[in-house]
Structure formats: structure tokens, C-alpha cells
Amino acid sequence: MRVSQIYAPTLREVPAEAELVSHQYMLRAGLMRRAASGVYSYLPLGVRVLQKIMNIIREELNRAGGQEILLPIIQPAELWHESGRWNEYGEEMFRLTDRHQREFCLGPTHEEIVTALVRADVRSYKQLPLMLYQIQNKYRDEIRPRFGVIRSREFIMKDLYSFDRDEEGLDKSYQAMYDAYSRIFSRCGLDTRPVEADTGAIGGDNSHEFMVLGDAGEDLIVYCQDCDYAANVERAECAPFEAEEGSWQSLEEIPTPNVTTIEKLVELLEIDASRLIKTMIYLADDKPIAALVSGNNNINEIKLKKVLQCDTLVLADAGTIEAVTGAPVGFAGPVGLEIPIIADYSVSGLVNAVAGANKADTHIANVNINRDYIPTKIADIREAKAGDKCVRCGGTFTSARGTEVGQVFKLGTKYSKALKANFLDENGKEQPIVMGCYGIGVSRTMAAIIEQHHDEDGICWPISVAPFHVIIVPVSYKDEEQRAAAEKLYEELNAAGIEVILDDRNERPGVKFKDADLIGYPYRITIGPKQLQDGNAELFIRSSKTKVVVPLSEIVQHIKSLLNR
RNA sequence: CGGGGCGUGGCGCAGUUUGGCUAGCGCGCCUGCCUUGGGAGCAGGAGGCCGGAGGUUCAAAUCCUCUCGCCCCGACCA
């Protein structure tokens, strides 16, 4: 390929729409352009990178026993009704109606359609296990698309579905995918960390997310300093607290005018936030409940929702809070409440704690569990944070931000039961297929790679995903000797099967260097008068910004050995 | 959906508060000359119904109303 021919317009200035480095470089280097909010077109260089990533994925999944298929983007509503997700999925699903008023959606995910596919043809245990995957566009009408391709409304995803006869088979498939994912991301040059994860709208029992750690990440994870426990905070379990020692003292009202926040209360009473009971009023399926957590912790609504087994959970409005507690917002407490109370472990062990008094401008001290209030349930409902004790080993949690590039789920029989995907076992007995599903955000992976591999001049692609391996830059393409040498080398590298691009533009060298740095080709060969007269060229290594002089006759061999490393 | 900000040539912006000449600047683009080891120089040129619609006015990029789009924070989310 020649730079004069390729459609890769680079931008000198940073487009105002991009905030994240990866987003800026993807636009500036001419990898993609925005078509609408959260919708992008990929240009030739971007496509080359995507294809590299997809091919790595294919190789590893095929090796693990996967077979590639291609499922439709447009999916009929009936299947989603069967699984119950037509209503469950909500606003995030793009829906459309055809001319006959039949309803469809643009697939946000493909469990329904693949399960329907398999149920039609899989009859016997002899056809299992089965692993099918596709690399396909997905559509989710995100409330707020952001960070370029990292949170977009149309994105490329690899999704694989495993079908097994039993849990044991599922465990094997799950492990095979877990291992394949580790290899895939490592081959892409990504440093990822698998963490335990919540299963969200997909459902299922067990799940890991593969996180790319970095400040730009949208997710918060905690991991233990002493053992290998790591989890998304959505999921991370918290260890129960030990009950405090001490004798119960009598309740005592404290006037606290306008003290409606934990911070103000800590300041006023000069006690630690952990001694306070934070009382949050929620509407669970429209019925009020109280959730208690200590003042230095936050409620994890996902956990709370699971404990309550409700479909919807929202913070109560001021009116409800007043009606339920008899006090304005900021003075709620468990004492005297007539609604269900869920207490976190962080409050269940407190002795002589401080809580709201359910009375304006008043708090109450020496609150004790089972004497002053009786919780409906004591459970783990708080959000894990750095400094907390690890549930597994008692070590200490550290937190980090991360971007999820892949997730593996054990679905079990959720979809096979709903969609009646059954098989006959050896005894001729009908059984639901045991499923797993495994996703990789392909377009997002490209952005994540840039996040981990860039500097102030541009992208530094890992060789495995670079759009081209080598760029040849003659200092002056017009100079006959340089051009001849560059063209000769170009042919030789091409013949050797090395992916090479020749900058044949009549530009000044600085322009060509800047573009090469921005796009991030791993190797640049500069052909200039200085070295050429000695039969040499200069090899520039993008990632380390180092230069070596190599005889023209040895360049092909030299590059080959670098690529094979 | 709540809060904030922005739409002026391909990109980045000024001009809008206080309406008034022909709508400007930098970069990019085209032609020619010149130049060639880190985004050169000179000369000439193309390209904009100022996001859209309606209104106020002698006069609107500028004021008013409506509308569309984009970005950021939040809630939500694989």
C-alpha cells in the first residue's frame, strides 16, 4: 500500500468531540469518523486493526472448539416475548415495526436467536457439547453514549454460546473460554485482569469480566492485596463485621438542626462515620423499605435488589420519605419505622450507634439492634471499597478503575427452559440444554489497546494488531536515488510477506514523520541521503523511539526477526 | 430524563453581551515557484444561505419563539 493511495486522512488538531486519548487518536489518525452520537464509520486503517483483532479471536476460539456462525441483526419480537425480555430489556433496545406492523428489534445480544436456532436442530446428547460464535454488530440505545467507541450505541461484539448437557460440561466450556480470553487479550497486547462480576440483564449464576485497568475506565473494581480475589464493586462481597463489645445505654435524643448529611453529623458530634447508621428509604416494586448501612459505606443497589427479590428499586422521593418516617429528608432512622428494614453487616454489630430520630432536626444516640429496632433481614448490601477486609482471606482491598473488554457467563438453563431448547439424554429423558455465553467488545478492545499503547505523539500499536508492520519514509521521494531505494525495499518487504506501506507523498520529511508517529506503525524505515550513500537506512522503533542504522541489504531479514520475536 | 455547554468553510476558533459596511483568523485544500532529516517559505486561488424554521426590525451570525444535532456531569446500563 502507498500512503498517497490509502484513504486515511489525518487531523492535525484535536476534534472538540473527543475527550479520551483513544477517541482523539482514532479520529486524528484516520481510523474512524463519527456518523451520529455513539455511531461510527471505520476507515481502512481502522478496519485493518479490527480485522487483526477479529482474527486473533477467531484463531483462539476455533482452537478452543468454537465454530463461527452469523446471526441476524434484526430479530423478531416473538422470541423476546418467549424469554420475557421484550418487556424486561426496556428503553435500551432499539425497536422497529415492519410494514405489516410486526415488531422487531435490533439485536442488543443474541441469546434468544441462537437458542432458537439450536433448539430446532439439536435433539440428542450426542450433538453436545457445542460452541457457536459470531462477530456481529450489536445495538443498544445507551442513555448516554460516550468515550467514542468505548460506550457506543452500535458496536462490534464477538459472542460465543456454549451448549452442554450438564453443569459439569458447562464448567469445562466456561474454563475453556476463560483460558481462551486470557490468550486473546494477551495476544492483543492488552494487560487485563479477570474479576468476578454481576450478571446484569443477561442473567445466570456465575460470571467474570476481563478488565483493562486504567483511570479512563468506567467500572470500579476491588482486589485483594493478599490473595487473588478481584471483583467489580457491583458484585464484590463484603465480610461481616464482628459485633462490638459494650453495654447498651439508653436512647437519647440529640438536637441537630439542619444536619442532614453524614459529613455534617460527623463534624457536629465528633465521632467516626462508621458509628452512624445511614438510613435510606427505597421503593421496592413501589413499596417503601428502609436500608441501613454505616455512615462510611454506601448501599450497593444491585445487592439490595437481590436481597429483596424485587423487579424495580428506586430511591424514594421526599414525599414518600416524609410519609414513612414522619420527618423531612435527612432525619430517617430505623427506630420506630413500620416498614421492612434491611440492615447491612456494617450496622448489625454496632453498639450505641447514632441514627436519625424520624423527627425534624433531631438524631438519636445509643441505638441498639434488636432492642430499639428489629431488622427484617441482615445481609450484605453495601458497596465494597478500598480498605475493606477481603471476604476470602481477611486481607485488604485496593480499588482501581477498569474498562470491561470481555465477559464470560454461566447461563445455566435460563434460556433453554424459557425457549424450550431440550435434548434427549441416554435414558431417553428430555433435558434442558445447559448454556453459557461469552462476549468480547471488539471495537472497544481497539480503543482499550490505544489507551494502553500511546504517547504524546500518537498510537504505538503492538505488532499483532498494527494496521501495517512497517512504513518506508524516503526523506525526499522526488530524489531519484532515494525513490529507487525505497521502491526496491518496498518490493522486497512485500515479497517477504511483511505488511508494508510506502510514504510516496511529495511532502517534507517532518510531515511524514508526524503522520507515521500518529498512526503508530511499529517500525519506520527512513531512507535519506545521510545513510544512503553508505548503503544504509535508518530503522526507527515506534514504541521505544530508538533508531538503528541497518544496511539496506539486511533490512528484510532484520524486520523478519523483529516480527518473529 | 435532570443540570451545564456548544453548533460560524474539512479541522480548531473569533465575532453574538451593546443588531449596522463585503463574515474573519490559524491549519488543511487547489495552482505555480521554491524547499526536503521532525507539521517550511513566497505568490495566486477555491470553499460558508453563520444547524434548521418562524418572528421582531429599515437592517439579524448577533434579539425573540420553536425545533434539530453534538459534547460534558449525574441517574441508568452488557
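Numbered from 1 within each chain, the chains take letters A, B, ... in sequence-line order. Only heavy atoms go into these numbers, but all of them, side chains included; no hydrogens, no water, no symmetry mates.
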Does [X] reach a base, just sugar-phosphate, or nothing at all? Heavy atoms under 4.0 Å.
| X | result |
| --- | --- |
| A:Pro529 | base |
| A:Pro509 | base |
| A:Arg34 | sugar-phosphate |
| A:Gly439 | nothing |
| A:Ile525 | nothing |

Reference residue A:Arg382; test side-chain hydrogen bond (donor to acceptor under 3.5 Å, both in side chains); the match among A:Asn296, A:Asn298, A:Asp344, A:Asn300: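 Only one option passes, and that is A:Asp344.
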
With the side chain of [X] defined as its heavy atoms from C-beta on, choose the nearest nucleotide among [options].
| X | options | result |
| --- | --- | --- |
| A:Arg146 | B:A75, B:C71, B:G28 | B:A75 |
| A:Phe513 | B:U35, B:C72, B:G38 | B:G38 |
| A:Ala16 | B:U35, B:C76, B:C13 | B:C13 |
| A:Arg508 | B:C76, B:C70, B:A40 | B:A40 |
| A:Glu142 | B:U35, B:A78, B:C11 | B:A78 |
| A:Phe540 | B:G38, B:A75, B:G37 | B:G38 |
| A:Glu301 | B:C76, B:A75, B:U35 | B:C76 |
| A:Lys530 | B:G37, B:C73, B:G28 | B:G37 |

Output the rounded distance in Å from [atom1] ([X]) to [atom2] ([N]).
| X | N | atom1 | atom2 | result |
| --- | --- | --- | --- | --- |
| A:Asn506 | B:U35 | CG | P | 12 Å |
| A:Glu88 | B:A78 | CD | C1' | 14 Å |
| A:Ile143 | B:G2 | CD1 | P | 13 Å |
| A:Arg505 | B:G38 | CZ | P | 16 Å |

Do [X] and [N] have a side chain to base donor-acceptor pair shorter than 3.5 Å?
| X | N | value |
| --- | --- | --- |
| A:Glu538 | B:G37 | yes |
| A:Arg524 | B:G38 | yes |
| A:Arg28 | B:G39 | yes |
| A:Glu13 | B:G28 | no |

NZ (A:Lys385) with more than 12 external heavy atoms under 6.0 Å: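 Yes, enclosed.
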
A:His23 and A:Tyr40 aromatic ring geometry - parallel, tilted or perpendicular at 30°/60° bounds: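 A:Tyr40 and A:His23: perpendicular rings.
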
Parallel, tilted or perpendicular: rings of A:His81 and A:Trp86 (30°, 60°):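 A:Trp86 and A:His81: tilted rings.
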
Ion pair A:Arg401/A:Asp219, N-O distance below 4.0 Å: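 Looking at A:Asp219 together with A:Arg401, the answer is no, because their closest N to O distance does not fall below 4.0 Å.
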
Passing candidate, side-chain contact (heavy atoms from CB on, under 4.5 Å) with A:Arg524, options A:Asp517, A:Val470, A:Ile472, A:Leu539: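 Per the side-chain contact (heavy atoms from CB on, under 4.5 Å) rule, the option paired with A:Arg524 is A:Asp517, out of A:Asp517, A:Val470, A:Ile472, A:Leu539.
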
5' priority, RNA chain B, between A:Val14 and A:Leu518 [closest heavy atom]: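 Looking at RNA chain B, the more 5' nearest nucleotide goes with A:Val14.
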
A:Glu19 vs A:Leu532, nearer the 5' end of RNA chain B by closest nucleotide: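 Looking at RNA chain B, the more 5' nearest nucleotide goes with A:Leu532.
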
B:C6 versus B:C63 - spacing of their P atoms, nearest Å: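 Nearest-Å result for B:C6 against B:C63 at atom P: 12 Å.
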
